[in-house]
Amino acid sequence: MPELPEVETIKNMVKGVLLDSIIEKAEIRQRKFREEIPQNFAQIVEKQKVVALRRIAKYMLIDLSNGYTVIWHFGMSGKFRIFAAKPEVLGKHDHVIITTDKGVLVYNDTRRFGLITYCETAKISENHLLGKLGLDPWDEKLTAEYLLAKLKNKKQPIKLGLLDQEIICGIGNIYASEILYKARIRPDREGDSIKKTEAEKIVLYTREILQKAIEAGGSTIHDFKNPDGDTGYFQNQLCVYGKSGERCPDCVCNLKTGGIKKIVQGSRSTFFCETLQK
DNA sequence: AGTGAGGCCTGAAAGC
DNA sequence: TGCTTTCAGGCCTCAC
């Protein structure tokens with residue numbers, strides 16, 4: 001579920017419980033996720049101080065005082081809740097409970113597509129999960145030229161190019177549709193058909209949309225909840241995602257054209273306006 | 001090498 | 001009402 005803005009929201013909200021705290025206990029009630037939680041996970045993190053919280057792509061990183069970093073991914077349905085003390089009653093999918101001297105984090109992940117592991121902080125760039133990731137949206141190396149070079153000879157639709165975490169990392173299915181809408185580019189265009197001015201728009205709107213989404217606390221389409229139990233608000237600003245048949249906000253045409261279209265690409269839904277996106 | 005389909009899991013919502 | 005099918009903010013692996 002969570003894309004970059006939602007992970008950023010989660011990171012900001014767990015700061016109070018995690019940053020500069022001492023991890024007293026890591027209770028693992030379920031180990032089977034996208035990767036199994038390592039057997040010695042609790043041993044690695046317990047009694048350590050949290051020295052930094054970071055986000056890389058859709059991963060949250062927790063840097064510990066012993067030179068290890070916890071790598072946490074939320075998959076489609078992962079979420080935290082924050083408590084002052086461990087709740088007496090836990091839910092079916094409350095899989096991991098982190099107790100610090102500042103509070104308790106309960107990790108709930110219905111579908112278990114998330115992932116929790118660790119690696120040496122110094123070796124993050126070699127990590128198999130993090131090492132191959134492309135540029136962060138705000139990396140200054142992300143330019144129209146970079147994007148064009150990555151899209152060269154790509155016959156894949158541009159929408160799938162935006163979802164490719166080895167090009168730009170952090171964009172997910174909602175924001176890919178939104179970015180292409182703002183850039184006025186049809187999602188089914190071949191990657192290598194993108195012109196320089198269009199690549200510039202993609203870079204610009206990637207940053208703008210993700211930034212606005214972070215400011216709104218992310219998007220809640222199905223069940224995203226931040227650690228306070230609240231939904232995000234960016235869904236109210238979405239232009240096309242999930243709105244097939246409706247009129248897009250900037251459209252000059254009428255509904256006789258059928259409104260916003262939904263197509264399937266790479267077995268995921270894409271939404272776009274046939275009138276405005278060329 | 002690059003691409004598309006299928007799979008991992010569970011539950012909500014839609015369809016019949 | 002109840003059963004079946006479809007779909008979901010991600011990502012990996014396997015065939016071609």
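Because only heavy atoms are used, hydrogens play no part in the values below, and waters and symmetry mates are left out as well, while side chains stay in.
Nearest-nucleotide positions on DNA chain B for A/Ser267 and A/Gln156 put A/Gln156 closer to the 5' end.
Closest contact between the side chain of A/Glu6 and the listed nucleotides B/dT3, B/dT10, C/dG9 involves C/dG9. Closest to the side chain of A/Tyr241, out of C/dC12, C/dA8, C/dG10, is C/dA8. Distances from the side chain of A/Lys92 to the nucleotides B/dC9, B/dG11, C/dC11 place B/dG11 closest. Among the nucleotides B/dG11, C/dC7, C/dC12, the one closest to the side chain of A/Lys262 is C/dC7. In this structure, of B/dG11, B/dT3, C/dG9, it is B/dG11 that holds the atom nearest to the side chain of A/Thr110. If you check C/dC11, B/dG4, C/dA8 against the side chain of A/His73, the one that comes closest is C/dC11. Listed candidates were C/dG9, B/dG4, B/dT10. Nearest to the side chain of A/Leu160 is B/dG4.
Within the nucleic acid shown, A/Tyr175 has no heavy atom closer than 4.0 Å to any nucleic acid atom. Using a 4.0 Å heavy-atom cutoff across all strands shown, A/Ser219 reaches at least one base atom of the nucleic acid. The residue A/Lys58 sits close only to the backbone: its heavy atoms come under 4.0 Å of sugar-phosphate atoms, none of a base. Using a 4.0 Å heavy-atom distance criterion, A/Ser269 is classed as a sugar-phosphate-only contact.
One can place CG of A/Leu129 at 7 Å from P of C/dC12, the figure rounded to the nearest angstrom. Rounding to whole angstrom units, CG of residue A/Leu151 and C1' of B/dG2 are separated by 14 Å. What separates CG of A/Leu163 from C1' of B/dG4 is a distance of 14 Å, to the nearest Å. Atom pair A/Gln30:CD and B/dC8:C1' shows a separation of 13 Å (rounding to whole Å applied). Residue A/Leu115 contributes atom CG, which lies 13 Å from atom C1' of B/dC8 at whole-angstrom precision. Note: NZ (A/Lys150) to P (B/dG2) measures 10 Å, nearest angstrom. Atom C1' of nucleotide C/dG9 and atom CZ of A/Arg112 are separated by 19 Å, given to the nearest angstrom. Computed from coordinates, the A/Glu178 CD to C/dG9 C1' distance equals 12 Å when rounded to whole Å.
Cluster annotation: A/Ile116 is not connected to A/Leu129 through the hydrophobic network of ILVMFWY side chains, with a link wherever side-chain heavy atoms come within less than 4.5 Å. With hydrophobic clusters built from ILVMFWY side chains whose heavy atoms lie under 4.5 angstrom apart, A/Ile167 shares a cluster with A/Tyr175.
Remark: ring of A/Phe113 not stacked against base of B/dC9; the cut-offs of centroid gap under 5.5 Å and plane tilt under 30° are not jointly satisfied.
A salt bridge links A/Asp94 and A/Arg81; the closest N-O separation between the charged side-chain nitrogens and carboxylate oxygens is under 4.0 Å. With salt bridges taken as basic N to acidic carboxylate O contacts below 4.0 Å, one links A/Arg184 and A/Asp250. Of the charged side-chain nitrogens involved, at least one lies within less than 4.0 Å of a carboxylate oxygen, so that A/Glu27 and A/Lys86 count as a salt-bridged pair.
A close approach under 4.0 Å does not occur between any side-chain nitrogen or oxygen of A/Arg34 and OP1 or OP2 of B/dG7. Dashed line: the shortest gap from a side-chain N or O of A/His93 to OP1 or OP2 of B/dG11 is under 4.0 Å. Between A/Lys154 and B/dA1, a side-chain N or O to OP1/OP2 separation shorter than 4.0 Å is absent.
Taking atom C1' on both nucleotides, B/dT3 is separated from C/dG9 by 23 Å, rounded to a whole Å. Rounded to whole Å, the P atom of B/dG6 lies 13 Å from the corresponding atom of C/dT6. For the P atoms, the distance linking C/dC14 with B/dC9 amounts to 15 Å, nearest Å.
Taking the six-membered ring for Trp and thresholds of 30 and 60 degrees, A/Tyr118 and A/Phe41 have ring planes inclined between 30 and 60 degrees apart. Note on ring orientation: taking the six-membered ring where Trp is involved, the planes of A/Phe33 and A/His95 are perpendicular (angle over 60°, cut-offs 30° and 60°).
The base of B/dC9 lies close enough to the side chain of A/Arg111 for a donor and an acceptor atom to sit less than 3.5 Å apart.
With a cut-off of 3.5 Å on both Watson-Crick or G-U wobble distances, the partner of C/dG9 is given as none. The nucleotide B/dC9 finds no pairing partner, because no Watson-Crick or G-U wobble arrangement with both distances shorter than 3.5 Å includes it.
Glycosidic conformation, C/dG9: syn, with the torsion inside 90° of 0.
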